[in-house]
Each structure stands twice: as C-alpha cells, then as structure tokens.
Amino acid sequence: VFVGVERIVIRKLRRRQIPMLIASMALLGVALAIDELADMAWGNDYEFVQASFGSQSIIIGGVYFTLLRLVVLLTAITSIILLVLFIYKTKTGRSLRALAQESEAASLVGINTDNAMSLGFFISCGLGGLAGALLAQIIPISTHMGLAIMFKSAAIIVLGGMTMSHGFLSSADSTMVGVEELLSLI
C-alpha cells in the first residue's frame, strides 16, 4: 500500500508542484478511502488484542502504571529520540531536513528528491504502523480506530508548521489541541 500511494499519489502531486497543504488534504482523502476499503473488507467490529504481559502494576513516584502502558510509553519515547537523532545526526537526515526546508535547493546540491521523499514517507508509515501496534495493545481496535488521532495530528502539524523539521515536536501546539479536546468534553 505504501509503495502504491507513494508512486501514484505523492510523486504526481510533487511533480505538479501542488502546495503542501493541498497535497496533505489529498493524502487525507487517500487515508479515508483506504479506511473505507478496510471497513468493507473486514467490517467495523471492535476486536481486542490480548497482550501476553503487562497486567502487573508498577508504582513510580506514587503513580500506578501497568507494565504494558509503561512499555508503550518507553517505546514511544525511544522512537521519538531515535527519529530526532536520525534527522539531526545523519547525512540522510540532513538531506531530509534540506528537502523539507527548500526542495529546489536540495535538488541543486545533489539530493535525489524522489528517493528522499520516498524515505520520508516510508519513515512516516513505519512510525504510524508502530503507533497503531502500540495503541492496539491498549484500546479495542477497529478499521476506524485511527481517524480521531489522524485529524488531531493534522491539526497539530498545521499548527506546528508543515515544513519545519521540528514541528512534530511542538508541545505547545499539541497542548492546545489537548486542551481543546478536554474543553469539548465539558
């Protein structure tokens, strides 16, 4: 699926120099279409993934954590740290940052923009898959389980900046979306 979406949708949008926001909306449409296809294929029933470990509680600073939630939290933190190290400490990461800041200049200095964009999309898909696998251990899963997170993420990305390489770490934007969600529940 990743290769098909990257080759059929993303490359064509990039070659036509479609603005980033419009391309993001196109990808949102592709995600919704894939979601509906999965719904038609497997239905919308909730399923539960039973982890073989994790029901034990651990007390850290007076706060109770189940082992499973602690593993999920540590895996998420580790993946963020590894992503930041990759983006800021490797030559490929520097290429991705250059591409995010100015794709034409990156191409002029010899960066293969098609390959770099494919790599960036692959990393995004991998992290999304990891997030889904971690989330499936905690909540019931269905074909629509990622929609709410996808829309919240889109809001955070728009607030944090579409082309800033550190925009995904913008805690202020994430906090704004979280506060908005809490206020909507009141």
Scan for side-chain hydrogen bond (donor to acceptor under 3.5 Å, both in side chains) pairs involving residues 117-128, sequence neighbours excluded, and state none if there are none.
E6-S118, R11-S118

Run through the side-chain heavy atoms of Ile, Leu, Val, Met, Phe, Trp and Tyr, join any pair under 4.5 Å, and report what else lands in [X]'s cluster.
X	answer
L99	M117
I81	L73, I77, L85
L82	none
Y64	I59

How would you list, by chain and number, every residue that makes a side-chain hydrogen bond (donor to acceptor under 3.5 Å, both in side chains) with R15, sequence neighbours excluded?
D114

Show which side-chain atoms of residues 34-42 pair as donor or acceptor with protein atoms under 3.5 Å away, not counting sequence neighbours.
| from | atom 1 | to | atom 2 | distance (Å) |
| --- | --- | --- | --- | --- |
| D35 | OD2 | H144 | ND1 | 2.4 |
| D39 | OD1 | N44 | N | 3.3 |
| D39 | OD1 | T143 | OG1 | 3.4 |
| D39 | OD2 | H144 | NE2 | 3.4 |

By side-chain contact (heavy atoms from CB on, under 4.5 Å), which residues pair with [X], not counting sequence neighbours?
X	answer
Y46	P140, S142
A105	E102
I60	I58, F65, L70

Rounded to the nearest 0.5 Å, what separates atom [atom1] in [X] from atom [atom2] in [Y]?
X	Y	atom1	atom2	answer
I139	L134	CD1	CG	11.5 Å
I141	D45	CD1	CG	11.5 Å
L96	I111	CG	CD1	8.5 Å

Give a yes or no answer on whether the side chain of R97 reaches the backbone of I87 with a donor-acceptor pair at less than 3.5 Å.
yes

Please give me the minimum heavy-atom distance between L130 and S79, naming the atom from each residue.
CD2-CB, 3.9 Å

Using every non-hydrogen atom in the two residues, find where A26 and L13 come nearest and quote the distance to one decimal.
CB-CD1, 3.8 Å

With sequence neighbours excluded, residues passing ring-ring contact (aromatic ring centres under 6.0 Å, His included) with F86
none

Among residues at least two apart in sequence or on other chains, which ones pass ring-ring contact (aromatic ring centres under 6.0 Å, His included) with F121?
F2

